[in-house]
Amino acid sequence: MFTTRKQYYPYISPFDPCPPIRVKTYVTAPNLYLGFQPPNLPQFSPHEALQKGTLWKVFYDPYYSPYEMANKGDYK
Amino acid sequence: MWIYEKKLQYPVRVSTCNPKLAKYLIEQYGGADGELAAALRYLNQRYSIPDKVIGLLTDIGTEEFAHLEMIATMVYKLTKDATLEQLKEAGLDAHYVNHDRALFYNNAAGVPWTAAYIQAKGDPIADLYEDIAAEEKARATYQWIINMSDDPDLNDGLRFLREREIVHAQRFREAVEILKEERDRKKIF
């Protein structure tokens, strides 16, 4: 399934001083995939667009901290 | 010339008195990838770039000042009533000694803003690629600030600003496509 959240698994040494972070994540925002924006893409309503920060559904990709994800759960 | 609307682009709400967050947010105020650097970079580059993309640089550069104003409001709200004890705990004691509770264009580590943060190479592609990189760096900075923050109202505003970085990066990428001018041309080799 397509996601704008990517993961990789860095090498973990048996001699690392700190408890390892086994999975590292990074974001590949939707603007990387579209090229020149094609016409007639789906839009939010004006009110929603002002709240979300974009008129175009394809570019909406909100970011939540691990803290928020743990406490609220069901974001995106 | 500009016309000023006396309101913020997006409402700024801060729910907890946590001056430490102001210390992080100042990165987007006077940091290398902050809103001031962005605004000045774009509004300066637009003089020496093809006509087709001048308007884009004007629009986005202007919007960056609206973002700057939002960040300033957040920092101000978080520090204006902070006690000296709270400022000390937040690591803002050195800032207080220099500036009281005034805002200043420096990054989260207290390094003052410098024009060396921005470039104007005069080459349209080089400049637009720098602008794309600047937007992606600002997007990442917002993510790191959101990760450090436990203030839901503040994060709401930060999410809006981060979304705008995504849209700006998209428009700069499209500007590059416009300057490449191969988009609709039938290629016959």
Side-chain angles (χ1 to χ4, degrees), chain A residues 1-10 12 18-76, chain B residues 7-11 13 16 21 24 52-53 56 63 66-67 70 131-133 135-185:
Chain A
M1 200 192 77
F2 177 76
T3 173
T4 55
R5 302 294 187 273
K6 305 291 195 286
Q7 298 184 333
Y8 66 100
Y9 304 88
I12 307 293
C18 304
I21 300 174
R22 296 187 179 277
V23 184
K24 301 268 185 175
T25 59
Y26 59 100
V27 171
T28 52
N31 59 21
L32 299 177
Y33 299 96
L34 204 65
F36 206 98
Q37 183 179 338
N40 304 318
L41 290 181
Q43 298 182 351
F44 291 116
S45 71
H47 184 85
E48 261 185 306
L50 283 171
Q51 190 266 324
K52 293 182 188 307
T54 179
L55 180 60
W56 307 99
K57 291 185 176 178
V58 70
F59 294 128
Y60 183 59
D61 183 35
Y63 181 86
Y64 296 90
S65 70
Y67 176 87
E68 289 169 305
M69 298 293 273
N71 283 273
K72 289 180 189 168
D74 55 353
Y75 294 113
K76 206 168 150 56
Chain B
K7 57 185 175 189
L8 294 174
Q9 188 188 7
Y10 187 90
R13 296 284 295 274
T16 50
L21 294 175
Y24 305 146
K52 281 177 180 172
V53 299
L56 180 71
E63 188 181 340
H67 296 173
M70 286 177 61
D131 301 345
I132 294 167
E135 295 292 338
E136 300 291 4
K137 286 189 280 181
R139 171 186 57 74
T141 307
Y142 279 120
Q143 290 169 201
W144 312 155
I145 298 174
I146 289 170
N147 284 353
M148 293 297 281
S149 157
D150 56 1
D151 186 324
D153 285 332
L154 191 78
N155 283 1
D156 184 56
L158 294 176
R159 261 188 283 280
F160 173 88
L161 290 167
R162 177 183 171 278
E163 182 63 39
R164 296 308 299 154
E165 309 293 347
I166 292 175
V167 175
H168 290 172
Q170 168 71 19
R171 300 306 171 221
F172 283 133
R173 288 171 197 276
E174 289 171 354
V176 171
E177 295 304 311
I178 289 171
L179 296 190
K180 279 157 72 181
E181 272 186 349
E182 295 288 339
R183 193 160 56 91
D184 294 321
R185 192 181 295 171

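Lettering of chains follows the sequences in order, A, B, ..., and the numbering in each one begins at 1. Because only heavy atoms are used, hydrogens play no part in the values below, and waters and symmetry mates are left out as well, while side chains stay in.
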Under 4.5 Å to a heavy atom of chain A? For B:Q9 that would be neither
TODO: Compute the ring centroids of A:Y60 and A:F44, then answer whether they are less than 6.0 Å apart.
DONE: yes
Rounded to the nearest 0.5 Å, the CZ atom of A:F2 sits from the OH atom of A:Y33 at a distance of 4.5 Å
Honestly, the part of A:L55 sitting under 4.5 Å from a heavy atom of chain B is neither
Among B:R139, B:E165, B:R171, B:M148, the residue with the most heavy-atom pairs under 4.5 Å to chain A is B:R171
Check this for me, if you would: do B:R164 and B:E63 make a salt bridge, where the nitrogen-to-carboxylate-oxygen distance has to be below 4.0 angstrom?
yes
Answer key: most heavy-atom pairs under 4.5 Å with chain B among A:V27, A:L50, A:L32 is A:V27
Carboxylate-amine/guanidinium proximity below 4.0 Å for B:R159 and A:D61:
no
